[in-house]
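Here's the structure we're looking at; comments come further down.
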2 protein chains.
Amino acid sequence: MATENQELRKAGLKVTLPRVKILQLLESSENKHLSGKDVYKALLEAGEDVALPTIYRVLHQFEAAGLVISHNFESAHSVYELNSVDHHDHMVCTKCGRVEEFLDDVIEQQQEKIASKHGFKITDHSMCLYGICSDCQQA
Amino acid sequence: MATENQELRKAGLKVTLPRVKILQLLESSENKHLSGKDVYKALLEAGEDVALPTIYRVLHQFEAAGLVISHNFESAHSVYELNSVDHHDHMVCTKCGRVEEFLDDVIEQQQEKIASKHGFKITDHSMCLYGICSDCQQA
DNA sequence: CTAATTGCAAAAGCTTTGCAGCGCA
DNA sequence: TGCGCTGCAAAGCTTTTGCAATTAG
């Protein structure tokens, strides 16, 4: 349970209630991809009263520290997920909003090839497939 | 020159000055990926005075009609590009903002494979590589 | 003529900033 | 104790909406 505190300290951030709460939420939440507003609402429902500006500030600090990663899927605002060691790409169901993660070596290698062919030095990449998930196809 | 009018009519949209101007801009602009604000500024500089709300409305109509495609790259707001027949992916320089387009069969095929493995029926996808372009590496 | 379209102004979201006070180390 | 962090309120930005006036077909 003190693991969050470790991570925070390692990132050079003081261990404060809002930060711990946000980190715990990101770890325990069923939905692994949350917007600032999502975090706010989830914490409110959990009885934790953290101000919205604080949440945005903390998420930015977490991102700078490499604790979380931010994405811009089709909706024009950012969602955050915990930064796990293993990189992965995303598949978003446009009907129910579900997000699945996957990793494919062929694609990863091909991306490098393409980049070097264009003289690009890749620092990051995102790949996102949009479609209808198996659940929604039956419904 | 009447090609724009054809496209608009085909999309079931009346041929009005703002719509024609926006379409022409998207066709002639050097930067092929423009936000609503970008379109507004470009038209202003060209001496065309189109209201911002009109631009957003028109872009949405164009998108619904399939005339343009919208993207959400790293910046948390949408940019639009003309919908060409040939699909392609994007490579964004995080330094100068330049956007290059590419298409790779290996990746396209692999995406289908991955999707079906997860039970997804793909309707669309976006892949975006972020990095430093050749120009910026030298500078 | 009639319905679609525009412009203006104002509202709506999400996100950021300034500042005074509180709290971790 | 001191600097960092939080909360509040207010500002910022892009995008959207309501409504009266205008225009294409």
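So that the names make sense, note that chain A is the first sequence line, chain B the second, and so on, each numbered from 1. Only heavy atoms go into these numbers, but all of them, side chains included; no hydrogens, no water, no symmetry mates.
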Nearest whole angstrom, please: distance from the [atom2] of [N] to the [atom1] of [X].
| X | N | atom1 | atom2 | value |
| --- | --- | --- | --- | --- |
| A/Asn72 | D/dT14 | CG | C1' | 14 Å |
| A/Lys21 | D/dC5 | NZ | P | 19 Å |
| B/Arg19 | C/dG7 | CZ | C1' | 14 Å |
| A/His60 | D/dC5 | NE2 | P | 16 Å |
| B/His77 | C/dG13 | NE2 | C1' | 15 Å |
| B/Ile22 | C/dT6 | CD1 | P | 8 Å |

Any side-chain heavy atom of [X] within less than 4.5 Å of one from [Y]?
| X | Y | answer |
| --- | --- | --- |
| A/Phe120 | B/Glu100 | yes |
| A/Val39 | A/Ile22 | yes |
| B/His125 | A/Met127 | no |

Output yes when a side-chain donor or acceptor of B/Asn72 lies under 3.5 Å from a complementary backbone atom of A/Asn72, and no otherwise. no
Give a yes or no answer on whether the side chain of B/Lys14 reaches the backbone of B/Arg9 with a donor-acceptor pair at less than 3.5 Å. no
Separation between [atom1] of [X] and [atom2] of [Y], rounded to the nearest 0.5 Å:
| X | Y | atom1 | atom2 | result |
| --- | --- | --- | --- | --- |
| A/Arg19 | A/Asn5 | CZ | CG | 11.5 Å |
| B/Lys121 | A/Gln137 | NZ | CD | 6.0 Å |
| B/Leu34 | B/Leu43 | CG | CG | 9.5 Å |

Applying a 4.0 Å non-hydrogen cut-off, can you work out what B/Arg57 is touching in the nucleic acid: base, sugar-phosphate, or nothing? base
For DNA chain C, the residues among residues 39-55 of chain B that have a non-hydrogen atom under 4.0 Å from it: B/Asp49, B/Val50, B/Ala51, B/Pro53, B/Thr54
Considering heavy-atom distances to DNA chain D, does A/Val58 or B/Tyr80 have its closest nucleotide positioned more toward the 5' end? A/Val58
Please work out whether the ring planes of B/His71 and B/His90 are parallel, tilted or perpendicular, with thresholds of 30° and 60°. perpendicular
Anything under 3.5 Å between a protein N or O and an N or O of nucleotides 23-25 of chain D, put it in a table, one pair a line.
residue: D/dA24; atom: N3; partner: B/Lys14; partner atom: NZ; Å: 3.3
residue: D/dG25; atom: OP1; partner: B/Val15; partner atom: N; Å: 3.3

